[in-house]
Amino acid sequence: MKNQYVAILGLLFSGSALAANPVITDVFTADPAPMVHGDTVYVYVGHDEAKPDEGYTMHEWLVYSSTDMVNWKSYPSPLKPTDFSWSSGEAWAGHVIEKEGKFYWYTTSEHKTIHGKAIGVAVSDSPTGPFKDARGSALITNDMTKATDISWDDIDPAAYIDEDGQAWLFWGNQKAYYAKLKPNMIELDGAIHVIPDAQVKDFTEAPWVHKRGDTYYLTYATGFPERTAYSTATDIQGPWTYQGVIAEGAANSNTIHQGIVDFKGETYFFYHNGMMQHPNTGGSFRRSTTIDYLYYNEDGSIKPIIQTSAGVKPVK
């Protein structure tokens, strides 16, 4: 239910309550994009609304928040594809990032007049919205990217602001694209670049950038059904070095779509699976947000992700 804390099933493990996976159970949610702001984690998701015999049916984006990683508060939908005058629908994966007190939501939906998927950007003064179209036009359209002939390569945007204040946008399907953003966060600053295939081996979609120490990590979905792989670099523009697969396929789902954040001393791996059994059976088009821990080896490499039904411990 909206405007209420989502009821999360509790488990006991070594005397501590855990958040049972999936962590969000009021509706089906997909493509989780977490963001830490202050003492709160926000996760931005698409709302899977498909009936059991339907394909992707997504008419709105949703947001949830938590201060302990176990109890998640829901809000009214802060953004829909129909809020973009140029969009004909589909609330596919997006990402929210904060800059100078404003929150920018990079989204994926179908374009009305330019064939194919497009990336838009909405803005709000609050992490929970409401958000409004920041441009009046799409930021990226299918006619701007020529590395592949498919019409759905402009999907899954993920933004990153580097330590020097420069903002970047990564996105793609089959090809991994990236570009600089202007300081206003709603325009590209220069050319669109393609990461060489050898640097992001078997790239499918869902790029996500985070940094630890001097190392940039580019995680992404690989293959189909999808797993999660990653590459590393010492510069955000690469070159990237492929490091391997860290997460096997999500249970009962062809996609996995990860997001990674640090919060209160732990690193969390957000993804979705098809394991929610109520109110109806989950699956590849009826996915649910799930969280497990991410750990590093001493050399900085990422340990394989252990996907659990128990979930993570609450934090204060």
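Quick caveat, the model's predicted, so the values are computed rather than measured. Counting begins at 1 with the first residue of the sequence.
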J.: I want to know whether W86 and H111 have ring centres closer than 6.0 Å.
T.: yes

J.: Looking only at side-chain N and O atoms, does E98 offer a donor or acceptor that is under 3.5 Å from a partner on H37?
T.: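 The criterion, which ignores hydrogens and geometry beyond distance, is not satisfied for E98 and H37.
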
J.: Any carboxylate oxygen within less than 4.0 angstrom of a Lys/Arg side-chain nitrogen, looking at D262 and R212?
T.: no

J.: How many angstroms lie between CG in N142 and CD in E110, if you round to the nearest 0.5 Å?
T.: 9.0 Å

J.: I'd like to know if the side chain of T128 pairs up with that of S126 as donor and acceptor (distance under 3.5 Å, no hydrogens or angles considered).
T.: yes

J.: Please determine if D125 and K102 form a salt bridge, counting it only when a charged side-chain N lies under 4.0 Å from a carboxylate O.
T.: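 Yes, charged N to carboxylate O under 4.0 Å.
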
J.: Could you state the interatomic distance from CD1 (I24) to CZ (F270), rounded to the nearest 0.5 Å?
T.: 8.0 Å

J.: With E49 as reference, evaluate H59, R286, M58 under the side chain to side chain contact (heavy atoms under 4.5 Å, CB included) test and give the passing residue.
T.: H59

J.: Establish, yes or no, whether a centroid distance under 6.0 Å links the rings of Y44 and Y106.
T.: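 For Y44 and Y106, the ring centres are not under 6.0 Å apart.
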
J.: Can a salt bridge be assigned to the pair K313 and E266 using a cut-off of 4.0 Å between side-chain N and carboxylate O?
T.: no

J.: If the condition is side chain to side chain contact (heavy atoms under 4.5 Å, CB included), which residues does N184 pass it with, not counting sequence neighbours?
T.: K182, I186, E187

J.: Are the side chain of Q258 and the backbone N or O of A206 linked by a donor-acceptor pair below 3.5 Å?
T.: yes

J.: Are W208 and H257, when compared by the centres of their aromatic rings, separated by less than 6.0 Å?
T.: no

J.: Please say whether the positively charged group of K117, taken as NZ for Lys or CZ for Arg, lies over the ring of W92, i.e. under 6.0 angstrom from the six-membered ring centre and within 45 degrees of the axis.
T.: yes

J.: For Y268, what residues pass the ring-ring contact (aromatic ring centres under 6.0 Å, His included) criterion, not counting sequence neighbours?
T.: Y293

J.: To which residues is L218 joined in a hydrophobic cluster, defined by side-chain heavy-atom contacts under 4.5 Å among Ile, Leu, Val, Met, Phe, Trp and Tyr, whether direct or through other members?
T.: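 Listed partners: Y160, W168, F170, Y178, I195, V200, F203, V209, Y216, Y220, I236, W240, Y242, V245.
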
